[in-house]
Structure formats: structure tokens, C-alpha cells
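Here's the structure we're looking at; comments come further down.
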Amino acid sequence: MKVLNSESFELRASDDVVLVRQAARRQAVALGFGLVDQTKIVTASSELARNTVDYGGGGKALVEAVENERRTGVRLIFEDEGPGIEDIEQALTDGFTSGNGMGLGLGGAKRLCHEFEITSVPGQGTRVSILRWK
């Protein structure tokens, strides 16, 4: 997979979440995504950026326009060095929350994307990668 364009962000506060949302939309528009697909990638990016700030204690986000032999897409990677996720399957279950949220973030983000990958080590942090193809 080839990276066409890349932007990186520190995620520490709500303002940083907004910057990631804007970057996801910018990349999707540049690649010619329709409004529905733009909304899906922006919504997923918002949920995961918010999780990085609220549950991971802050971290980093990478927003990329990518292409393979057949198509283009937007990939986002979120990384934190927070407490990690003890049980990923449980965390992906709608309604589960370790905080005050509605428990739709991780599972919802997964449903909004074509590719979703999560790795987490308790006490060391979490890495989530999502990709939506055009």
C-alpha cells in the first residue's frame, strides 16, 4: 500500500479531536469520497480520537490518504500509552463502557470502516487502525 498524503497529530484535548476530524474530512474530500462515506470516516475518527484522549490519557493520530493497485482510501492510526484494554472482544460489544460513555465507540467505529485492527496490552497502551476505501 502506498501513502499519498499524511498528517500527524498529538491528541491531548478536545481541540485536538476536532483537528483529526477535519483532517479525515480533508483527506476524504481530496480523494473524491461521497458525503455518506465522508461522514462515516469522520464519525469513526472522532470516536477513536475521543477514546485516545479520554481513556488512553492522550496519544497520537496519523491520518493518511492511501492507495493500492485497485483503489484509494483514508487510513487513520491512533496510538496511546494508556492503561490498555483488558478484554478487546468485550470492549467491542455495544453497550460496554469503561467510563461514562454510551459504549458505542469502538464497535461503532469498526462498523463504519472497511478495515479495523486493534491491539492493546494492559498497562502499555492501545493501537487502533481503521481504513475506509472509496
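In this text, all values refer to a predicted model and were calculated from it rather than measured experimentally.
Note on residues 118-134: pairs passing salt bridge (charged side-chain N to carboxylate O under 4.0 Å, His left out), not counting sequence neighbours, are Asp37-Arg132, Glu79-Arg127. Applying the side-chain hydrogen bond (donor to acceptor under 3.5 Å, both in side chains) test to every pair with at least one member in residues 16-29, sequence neighbours left out, gives these pairs: Glu7-Arg26, Glu7-Gln27, Arg21-Ser46, Arg25-Gln38. Residues in residues 113-123 take part in no salt bridge (charged side-chain N to carboxylate O under 4.0 Å, His left out) pair, two or more places apart or across chains.
We find the CD-CG distance between Glu47 and Asp54 to be 10.0 Å, quoted to the nearest 0.5 Å. Annotation: the span from Arg71 atom CZ to Met1 atom CE amounts to 9.0 Å, rounded to 0.5 Å. Here CZ of Arg75 is found 4.5 Å from CD of Glu64. Values are rounded to the nearest 0.5 Å. Here the straight-line distance linking atom CG of Leu112 with atom CD1 of Ile130 works out to 8.0 Å at 0.5 Å rounding. Within the model, atoms OG1 of Thr39 and CG of Leu35 stand 4.5 Å from one another, a figure rounded to the nearest 0.5 Å. The structure places CG of Asp80 at 9.5 Å from CG of Leu11, a figure rounded to the nearest 0.5 Å.
Grouping Ile, Leu, Val, Met, Phe, Trp and Tyr residues whose side-chain heavy atoms lie under 4.5 Å apart, directly or via other members, places Ile77 in a hydrophobic cluster with Leu62. Hydrophobic side-chain contacts under 4.5 Å tie Val121 to no other Ile, Leu, Val, Met, Phe, Trp or Tyr residue.
Taking 4.5 Å as the limit, some side-chain heavy atom of Leu4 sits within range of a side-chain heavy atom of Leu31. Contact check for Val53 versus Val17: side-chain heavy atoms found under the 4.5 Å cut-off. Using a 4.5 Å heavy-atom threshold, the side chains of Trp133 and Thr72 count as separate. Ser14 has its side chain within reach of Arg50: a pair of non-hydrogen atoms, C-beta onward, lies under 4.5 Å apart. Within the 4.5 Å cutoff, side-chain heavy atoms of Ile41 are placed close to those of Cys113. The side-chain heavy atoms of Lys110 and Leu106, taken from C-beta on, include no pair separated by under 4.5 Å. Counting only heavy atoms from C-beta outward, the side chains of Tyr55 and Ile85 never approach each other to under 4.5 Å. Looking only at side-chain heavy atoms (C-beta outward), Val20 and Phe78 come within less than 4.5 Å of each other.
By the criterion of side-chain heavy atoms lying less than 4.5 angstrom apart, applied directly or through intervening Ile, Leu, Val, Met, Phe, Trp or Tyr residues, Val3 is grouped together with Leu131 in one hydrophobic cluster. By the rule that hydrophobic residues join a cluster once side-chain heavy atoms approach within less than 4.5 Å of another member, Phe116 and Val66 end up as members of separate clusters.
Looking only at distances, a side-chain donor or acceptor of Ser120 sits under 3.5 Å from a matching main-chain atom of Gly125.
The minimum heavy-atom distance between Ser45 and Ala24, with the atom names listed, is OG-CB, 3.7 Å.
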Is there a side-chain contact (heavy atoms from CB on, under 4.5 Å) between Leu76 and Leu48 once you walk through the steps?
CA-CA 9 Å; Leu76 292 99; Leu48 295 172; over 6 Å; no
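By the salt bridge (Lys or Arg N to Asp or Glu O under 4.0 Å) test, Glu10 is found to be paired with Arg12, residues two or more places apart in sequence or in another chain being considered.
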